[in-house]
Amino acid sequence: QWQQMFSQELPVLKRDYSTGKLSFLRMPEFVLLRDFCRLELIQIRLAILHKNKKQAMASIERMNYVYQYLSRDKILISGLVLIAIEKIRLAGVEQLLNSGFLTAEELFKFKADIENRLADFPEFHRQYIHGEGTFTTDVTQMIAHGQNVKLSDDDPDSFIPAMYPYRWLAPAVWYTMTRNRETLIKVYKVNDFTEVNDLHDQFAAHTILARMLLPSLPSAGKRFHELEMAYRIIKTILELKYSQLQNGKFPEKIDLPVDWFSKQKCHYVIDRKKGTIKIWSVGRNLKNDEGVSDKSGKDDIIYSVAGAEK
C-alpha cells in the first residue's frame, strides 16, 4: 500500500500554519517514512541480488517522492528527518551504481540530479533557518498572547493563558522576556545553522528563555553539511563510474571534492584486493578515521565505487 502511494507525487498535506498553531503541528508520518525508506533500501539489495533492475530503480523513485513530500515542511524537525531519509536513498544509489546495471545515460541522469541538489543546497539550508526562526517566534507569540490548544481530536481544547495583559504586575520580568525574544530573533539572522551563536554557554537574564527554546542549532547545521558531503562524494563516484563506462577504465587522476568539515580535499584509498575506490569526508569529529563510521564515535562519511583494477 505504501509502495503504491509513493509511486507518484503525493498531494500537499493540509496543516494549520496559522499564528500560535506551529508548536502543535502533528507530523506522525515522519517516523513511518523513515522506516519505509529503510525497507526500500532492503528492496534495492534484494532486487540487485535477483538482477531486477526495474524494481531497484522503482525503489529509488519512491524515495524521491518521499523527499519531495518532506521538503514541503520547512521546519527543523522535518529537515532532519529528510536528511536521514536522503542518506538512505544515497546508500541505495551507491548500491545500484556498483551493481553494473546502470547505463552511461542513467549514470549521467543521477549525476545531474545530484548537481542540481548541490546547487540548491545553500537556499535549501536557508529555508530551514527561516522556517525554524518562524517556528520559534510563534512560540514566543503564544506565550505572550495565549492560545487555544487541541493536542488531539479526542481531547478538549486547552488554553495557554496570555501573559501580555499582566505585564504591568512584573515589568522587570516582562522586559526580560522581551529581551529574550529579541535574542531569539537575532539568532536566526544567518545563512547557515553552524553560524548561529550558541546561547547555551551564555548565562544572562536576556538568554534564559532563549536557551530553553533554542535547540542546538550548530549541531543540526553539521547534519545538513553531512548531507552536502554525501552529495559531493556520490557525485564524484558517479563521475568515476561514468568515465569507466565511457573509456573502459577510471581516470588516471581523481578529482576529489573539498571536505566542508576539514576544508581540505577528501581522502580516498584504492583497494586493489576488493577492486574498489573508497572516498570519505572526516565528518563532524574532524578526525580522519581512515574511512570508518561506527558507534564508537568514528563518523567518516564514506562511499565506494567498484571496478578498480585488481
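Worth knowing before you read on, the calculation uses all heavy atoms, side chains too, and leaves out hydrogens, waters and symmetry mates. Since we're looking at a predicted model, the values are computed, not measured.
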Counting distance only, does the side-chain N/O of Asn98 pair as donor-acceptor with the main-chain N or O of Ala306 below 3.5 Å?
yes
Within the side chain of Ser281, is there an N or O that forms a donor-acceptor pair under 3.5 Å with the backbone of Gly283?
yes
Would the distance check show the side chain of His50 and the main-chain N or O of Leu46 forming a donor-acceptor pair, the cut-off being under 3.5 Å?
yes
When you check the gap from the basic side-chain N to the acidic O, do Lys263 and Asp259 get nearer than 4.0 Å?
no
So, Asp299 side chain and Arg284 main chain: donor-acceptor pair closer than 3.5 Å or not?
yes
Spell out, yes or no, whether Leu90 and Leu33 are grouped together once hydrophobic residues are joined by side-chain heavy atoms under 4.5 Å, including indirect joins.
yes
Quick one: CD1 on Ile234 to NZ on Lys241, what's the gap to the nearest 0.5 Å?
12.5 Å
Does a salt bridge link Lys111 with Glu115, judged by any charged N lying under 4.0 Å from a carboxylate O?
yes
Identify whether Val258 and Tyr231 are in the same connected component of the hydrophobic contact network (ILVMFWY, side-chain heavy atoms under 4.5 Å).
no
How long is the straight-line distance from CZ of Arg232 back to CH2 of Trp260, given to the nearest 0.5 Å?
9.5 Å
Any donor-acceptor N/O pair, Gln55 side chain to Asn52 backbone, under 3.5 Å
no
Quick one: CZ on Arg62 to CD1 on Ile44, what's the gap to the nearest 0.5 Å?
9.0 Å
How many angstroms lie between CD1 in Ile77 and CG in Leu82, if you round to the nearest 0.5 Å?
12.5 Å
With respect to Ile237, which candidate in Val93, Ile254, Leu97, Ile277 satisfies the side-chain contact (heavy atoms from CB on, under 4.5 Å) definition?
Leu97
Determine yes or no for a side-chain-to-main-chain donor-acceptor pair under 3.5 angstrom, with Glu86 supplying the side chain and Tyr67 the backbone.
no
Would you call Lys298-Glu290 a salt bridge at under 4.0 Å N-O?
no
One thing to verify: whether Glu106 and Lys109 come together as a salt bridge, which I'm taking to mean a side-chain N less than 4.0 angstrom from a carboxylate O.
no
Check whether any side-chain N or O of Asn285 sits under 3.5 Å from a backbone N or O of Lys287 as a donor-acceptor pair, and report yes or no.
yes
Applying the 4.5 Å side-chain criterion to the ILVMFWY set and letting contacts propagate, would Val292 and Ile302 be lumped into a single cluster?
no
Starting at CG of Leu41, measure out to CZ of Arg45 and round the result to the nearest 0.5 Å.
4.0 Å
If you compare all heavy atoms of Leu238 against all heavy atoms of Ile114, which two are closest, and at what distance to 0.1 Å?
CD1-CG1, 4.1 Å
Output for pair (Glu40 CD, Ile60 CD1), nearest 0.5 Å, gives 9.0 Å
Using the ring-ring contact (aromatic ring centres under 6.0 Å, His included) criterion, which residues pair with Phe224? Sequence neighbours excluded.
Phe124, His125, Tyr128, Phe193
Electrostatic pair Asp120-Arg117, nearest N-O below 4.0 angstrom
no
